[in-house]
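In each ligand, atom 1 is the first atom listed, and ligand 1 is the first ligand listed.
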Amino acid sequence: MPPLLLYAFILFTVALVLYTVSVWSERYQKRLKVWHLVVFGLGVVIDMAATWLTIEFVGAVVFTPHAIFGFTSLFLMALHFVWAVAVYIGDRDAGKRQFHRFSILVWSIWLLSYTTGLVSGMQRII
Ligand code: HEM
C-alpha cells in the first residue's frame with residue numbers, strides 16, 4: 001500500500017476505535033458524559049485528517065461510490081458530534097432519547113463507509 005494511503009488507513013482505524021468506544025459506552029452507560037464527547041471529538045478530527053491524507057493521495061477530489069460514501073459519512077459524523085454537544089448542553093430527556101436511537105444508525109453508516117474504503121484500499125495493493 002502506498003505510504004500516504006497507509007497513514008490514512010491507520011488514522012481511519014484510530015477514528016473507528018474512538019467513534020465506536022464513544023457511541024457504545026454512551027449506549028451502555030445510558031448517559032452522555034464529557035469523556036464520550038472528548039473521545040468523539042478526537043475521532044472526528046482524526047477522521048478529517050485521514051480524509052485529507054486520502055485527498056492528497058488521490059491528488060484530486062474524485063467521486064467513486066466509496067468517495068461519495070466517505071464524504072457523506074464524514075459530514076454525518078461531524079453533525080452527529082454537534083448534536084451530541086447540543087444534547088449534552090441542552091440536558092433535555094426527549095432529546096437524549098432520540099439521540100440514543102439515532103446514534104447507532106449514524107455510526108452504522110460510518111462503518112459501512114469504512115468497509116467500502118477497505119475494499120477500495122485493498123484493490124490498490126492487489
Ligand atoms: C469512514 C472512514 C472513511 C472515510 C470518511 C473516507 C473518506 C474518503 C473520501 C472523502 C474519499 C475521496 C477522496 C478524494 O476525492 O480525493 C476517499 C477515497 C478513498 N478512500 Fe476512503 N474513507 C474512509 C475509509 C477508508 C479506508 C479504511 C480506506 C482503506 C485504505 C480508504 C481508502 C480510500 C481510497 C483508496 C480512496 C480513493 C478513491 C477510491 O478508490 O474509491 N478509505 N475516502
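- Regarding atom 21 (Fe) of ligand 1, its nearest protein heavy-atom neighbour is His66 NE2, 2.1 Å.
- Looking only at protein heavy atoms, the nearest one to atom 18 (C) of ligand 1 is Thr54 CG2, 3.4 Å.
- The single protein non-hydrogen atom nearest to atom 30 (C) of ligand 1 is Phe9 CB, 3.7 Å, given as residue, atom name and distance.
- The shortest N/O to N/O separation between Tyr114 and ligand 1 does not fall below 3.5 Å.
- In summary, the atoms of ligand 1 found under 4.0 Å from a heavy atom of Val58, numbered by their order in the structure, are 16 (O), 37 (C).
- When non-hydrogen atoms are compared, ligand 1 lies under 4.0 Å from the backbone of Val62 as well as from its side chain.
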- Task: Run the numbers on Tyr7 and Leu11 for side chain to side chain contact (heavy atoms under 4.5 Å, CB included), then give the verdict.
- Result: CA-CA 6 Å; Tyr7 300 147; Leu11 288 185; 5.6 Å; no
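- Those atoms of ligand 1 that come under 4.0 Å of a heavy atom in Val61, given as number and element, are 14 (C), 15 (O), 16 (O).
- Side-chain atoms of Ser22 never come within 3.5 Å of backbone atoms of Leu18 as a donor-acceptor pair (strictly under, hydrogens ignored).
- Atoms CD1 and CG, from Ile10 and Leu53 in turn, are 10.0 Å apart once rounded to the nearest 0.5 Å.
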- Hey, mind stepping through Tyr19 and Asp47 against side chain to side chain contact (heavy atoms under 4.5 Å, CB included) and telling me if it holds? CA-CA 10 Å; Tyr19 196 21; Asp47 195 34; over 6 Å; no
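- In terms of protein heavy-atom proximity, atom 41 (O) of ligand 1 is closest to Thr64 OG1, 2.7 Å.
- Residue-level proximity to ligand 1 for Asp47 is carried by the side chain, the only part with a heavy atom below 4.0 angstrom.
- For atom 5 (C) of ligand 1, the nearest non-hydrogen atom from the set Pro2, Gly70, Gly121 comes from Gly70.
- In the vicinity of Trp110, heavy-atom distances shorter than 4.0 Å reach the ligand 1 atoms 1 (C), 2 (C).
- In Ile55, the parts holding a heavy atom less than 4.0 Å from any atom of ligand 1 are both the side chain and the backbone.
- Distance from atom 40 (O) of ligand 1 to its nearest protein heavy atom, with residue and atom name: Arg124 NH2, 2.8 Å.
- For ligand 1, the atoms sitting less than 4.0 Å from at least one non-hydrogen atom of Ser73 are 5 (C), numbered in the order shown with element in parentheses.
- The Ala67 neighbourhood of ligand 1 comprises atoms 10 (C), 11 (C), 12 (C), with distances under 4.0 Å to a heavy atom of that residue.
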- Pair Leu76-Trp110, side chain to side chain contact (heavy atoms under 4.5 Å, CB included): steps then yes or no: CA-CA 8 Å; Leu76 281 177; Trp110 194 91; over 6 Å; no
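- Nearest non-hydrogen protein atom to atom 3 (C) of ligand 1 is Phe12 CE2, 3.2 Å.
- Taking only nitrogen or oxygen atoms, main chain and side chain alike, Ala60 reaches within less than 3.5 Å of ligand 1.
- Taking the six-membered ring where tryptophan is involved, the planes of His80 and Trp83 are tilted, since the angle between them lies from 30° to 60°.
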Check residues 32-45 and write down every donor-acceptor pair under 3.5 Å in which the side-chain atom is one partner and the other belongs to a residue at least two apart or another chain.
unit_1, atom_1, unit_2, atom_2, d
Lys33, NZ, Gln29, OE1, 3.4
His36, ND1, Arg31, O, 3.4
His36, ND1, Lys33, N, 2.9
His36, NE2, Gln29, OE1, 3.0

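- Remark: ligand 1 and Phe57 share no N or O pair separated by less than 3.5 Å (distance only, no angle test).
- The parts of Phe71 lying near ligand 1 are both backbone and side chain, judged by heavy-atom distances below 4.0 Å.
- Nearest protein heavy-atom neighbour of atom 29 (C) of ligand 1: Gly117 O, 3.2 Å.
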- Message: Checking Phe9 against Tyr114 for the side chain to side chain contact (heavy atoms under 4.5 Å, CB included) test, could you report, in this order, the C-alpha distance in whole Å, the side-chain angles of both residues, the deciding distance, and whether it holds?
- Response: CA-CA 9 Å; Phe9 168 63; Tyr114 179 88; 3.5 Å; yes
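- Residue Ser120 places at least one N or O, backbone or side chain, under 3.5 Å from an N or O of ligand 1.
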